[in-house]
Amino acid sequence: MEKIIFFIVIAVYIIAGIIVTRYVKSKDDFYVMGEKGSTLLIVGTLAATYLSAVTLLGLAGMNYSEGLVAHAGFGSFGAWLGTLFAVIYIGRKMKAIECQTLPEFFEKRFKNKTVTVISTVIMIIGLLAYGVVQLIGAGVVLSEILDIPFPILILLFTFALLIFSAMGGMYGVVITDTLMFFTMLAISIIISPIIIGQAGLDQIKNLGEVIPNYWGVTGAEDRPFGWIFSQFLMWILFFTCTPSLVSRVFPAKNDFVILKTAVIGVFFAPVMQLLVFIAAAAMQVLQPGIEPADRVFIVGMMEYIPSGLAGIGLAGLMASIMSTASTLFVLTGFALAKDLFENVLHKEMSDKQSLILGRAAQVFVAILVCIIAIIQPSSIFWISIYAGSIFAVAWLPTIVGSLEWKRMNSKAATASMTVGIISYILFGELIRWKIVSFPTGFDNFYLAIILSILTLMMVGYLTTPSEYELQYYQKLKNAKLSTLTIRNILKNPNGLAQLKREYKQTFIIAISFIVISVVLWGYFLVKLGM
């Protein structure tokens, strides 16, 4: 039964993606959905992208094995803060200057080919690594259901994904993400509580007596606190500038949609994670010793959930993978087609040519990611950490400097991004091969981001921004999405009444979700004695 339901739900995703392609008439539709995204659609795509294979497979496995405080308490809370910054700070500012991709921000800010190429290459490397995570996750899920070799499963999954991501672009991704969000919501608010109920909150709480330090800050593996804190910091910095989250803002209709999304979407994402992670701990009560731990949620649904509901849950788990993977395919294809080919080479293209190039780039990316995924180089959790750190150490200092520092220029951007990514990879490999060692608790992530920031500041003070860079800095400081939204609404008939209605609605949503959050989080904190 679960197999039938699973494939029916997956077929619905694909059919919906195919139908959506009819609405893609121009490259604006392809890249930013024609900026028609409603609150429902942007909340759906944001939450779906947030709740990826990293949550339902990688992090669920880590919480099952090591406890919730180290990974859910620090890592997930950092990811929640990072998502808030990505939507409210980075995304809104980039949308205000009409960016359709993140590397386009670097192109507009500096008008320097070197900066654009480096930023785009970093984006491609990071997204390829994160895309590999999603495909490995797909293979893990499907291999539990079908008797098909892992490589063939990866190929089939990639082909199905490209049907709507390559054809529909951002339109296809946002619509299908929103559909997928509801099946993912079923995992969190229906399936997870069933698993938690079978184990019992008291038994989950007592895991600390069975597994030493399970509820401790450093977890059952007793990892150094410096490493734990580095995960908290890394997820904040990674999620603040990760293209998969920041780009969710670009299709939004206006600033009110973004503000509502920040409240609703950023509420749903951590709450959905919280329930999943407590359910992972519940599986430690119900069935300890699951190997590899990435399989814990699959085992939970297959063995402790009624078959019909398990089919929906498995489809939701696959949805979490498909939503993020399709986003990564789309964004990496955008980077190759729009940022490298159109912006760097300054090729003037018609809408039709741009669409063809964007779709071809996605096919190329999918093939490359597929090959790497079949090799399956590491666990889901560790690949995600590697990909996330690359964005944090190489991109974020430059983005924040570009938005806030008047002396910021192309030389500082080039030096900071280069030093950040090279130092992170270099010291990571030196540690892995035991050529160098750092003090206990000091992660190479710390060193890389410190070097990136110091390099940016040093080069910035030693060099002078060009006249264009100074002028664009002033444009950035004056660009406010709120002002643009108010102006556009007031142009409409009864614009003032509409504006007042939007303000009132946003305020009510904000207050309501604050109250819900306090009650829900407070309940679990009291029940689990945290």
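Predicted, not measured: the structure shown is a model, and the values here were computed from it.
Scanning both residues, I97 and A479, for their nearest heavy atoms gives CG2-CB, 3.9 Å. Of all heavy-atom pairs between V115 and S410, the closest is CG2-O, 3.5 Å. Closest approach of T176 to A16, counting heavy atoms only: CG2-C, 4.4 Å. Between M408 and T398 the shortest heavy-atom distance is CE-CG2, 3.8 Å. In terms of heavy atoms, L259 sits closest to I88 at CD2-CD1, 3.9 Å. C99 and K108 make their closest contact through N-NZ, 4.0 Å (heavy atoms, listed as atom of the first residue, atom of the second, distance).
Inter-residue side-chain proximity for R501 and Q498 is flagged as met; some heavy-atom pair is nearer than 4.5 Å. In this structure the side chain of L403 reaches within 4.5 angstrom of the side chain of I90, judged on heavy atoms. Side-chain contact check for F250 versus Q100: every heavy-atom pair is 4.5 Å or farther apart. Inter-residue side-chain proximity for Y472 and E469 is flagged as unmet; no heavy-atom pair is nearer than 4.5 Å. At a threshold of 4.5 Å between non-hydrogen side-chain atoms, the residues N112 and K411 do not count as touching. T101 has its side chain out of reach of L331: every pair of non-hydrogen atoms, C-beta onward, lies at least 4.5 Å apart. Side-chain contact between K93 and K477: absent, with no pair of heavy atoms (C-beta onward) separated by less than 4.5 Å.
When only modelled atom types and interatomic distance are considered, T455 and S416 share no side-chain donor-acceptor pair under 3.5 Å.
With D255 as reference, R92 is the one residue of R92, K480, K260 to meet the side chain to side chain donor-acceptor pair (under 3.5 Å) rule. For the pairing with M417, the side chain to side chain contact (heavy atoms under 4.5 Å, CB included) check across I118, I422, T114 returns one residue only, I118. For the side chain to side chain contact (heavy atoms under 4.5 Å, CB included) with F239, the lone residue among V246, L84, L245 that qualifies is L245.
Side-chain N or O atoms of S452 include none that pairs as donor or acceptor with a backbone N or O of A394 at under 3.5 Å. Using a distance-only test at 3.5 Å, with no hydrogens or angles considered, a donor-acceptor pair links the side chain of N444 to the main chain of Y424. Here the side chain of W395 pairs a donor or acceptor atom with the backbone of S119 at under 3.5 angstrom. Side chain of K36 to main chain of D29: no donor-acceptor pair is present (N/O by atom type, distance under 3.5 Å, no hydrogens or angles). Between the side chain of T240 and the backbone N or O of I236, at least one donor-acceptor pair lies under 3.5 Å. When atom types are taken as modelled, the side chain of R407 and the backbone of P465 share no donor-acceptor pair closer than 3.5 angstrom. Formation of a donor-acceptor pair under 3.5 Å by the S188 side chain with backbone atoms of L185 is not found in this model. Judged by distance alone, with hydrogens and angles left aside, the side-chain atoms of N492 form no donor-acceptor pair with the main-chain N or O of G495 at under 3.5 Å. Of the possible donor and acceptor atoms, one in the side chain of N254 sits under 3.5 Å from a partner among the backbone N and O of V257. When atom types are taken as modelled, the side chain of K25 and the backbone of R22 share a donor-acceptor pair closer than 3.5 angstrom.
Counting non-hydrogen atoms of neighbouring residues, nucleotides and ligands closer than 6.0 angstrom, the OH atom of Y468 exceeds 12 such neighbours. The number of heavy-atom neighbours closer than 6.0 Å to CD of E98, taken from other residues, nucleotides and ligands shown, is 12 or below. Heavy atoms from other residues, nucleotides or ligands lying under 6.0 Å from CG of N478 number more than 12.
Taken to the nearest 0.5 Å, the OH atom of Y473 stands 6.5 Å off from the CD atom of E404. We find the CG-OG1 distance between L470 and T464 to be 9.0 Å, quoted to the nearest 0.5 Å. One finds the CZ atom of F445 at 4.5 Å from the CG atom of L233 (value rounded to the nearest 0.5 Å). Of the inter-residue distances, the one linking I42 atom CD1 with I264 atom CD1 reads 12.0 Å to the nearest 0.5 angstrom. Remark: L46 CG to I258 CD1 distance equals 11.0 Å, nearest 0.5 Å. Here T261 contributes atom OG1 and L40 contributes atom CG; the two are 9.5 Å apart, rounded to the nearest 0.5 Å.
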query: Step by step, would you call F256 with Y503 a ring-ring contact (aromatic ring centres under 6.0 Å, His included)?
result: CA-CA 8 Å; F256 285 111; Y503 270 113; 5.1 Å; yes

- request: Check the pair L476, F105 against side chain to side chain contact (heavy atoms under 4.5 Å, CB included), reporting the backbone distance first and the verdict last.
  value: CA-CA 11 Å; L476 274 173; F105 167 76; 4.2 Å; yes

task: Mind running salt bridge (charged side-chain N to carboxylate O under 4.0 Å, His left out) on K95 and E35 for me, showing each step along the way?
output: CA-CA 10 Å; K95 184 174 174 61; E35 296 186 270; 2.5 Å; yes

message: Set out, in order, the CA-CA distance, both residues' side-chain angles and the distance that settles side chain to side chain contact (heavy atoms under 4.5 Å, CB included) for Q505 and E502, then state yes or no.
response: CA-CA 5 Å; Q505 190 180 76; E502 290 283 6; 4.1 Å; yes

message: Go through it in stages, so that I can follow the logic: the residues are T116 and K113, the test is side chain to side chain contact (heavy atoms under 4.5 Å, CB included), and I'd like the CA-CA distance, side-chain angles, deciding distance and then a yes or no.
response: CA-CA 5 Å; T116 304; K113 287 187 178 181; 5.7 Å; no

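In this structure, F106 and F110 have parallel ring planes: the angle between them is below the 30° cut-off, well short of the 60° mark. In this structure, W405 and Y461 have perpendicular ring planes: the angle between them is above 60°, well past the 30° mark.
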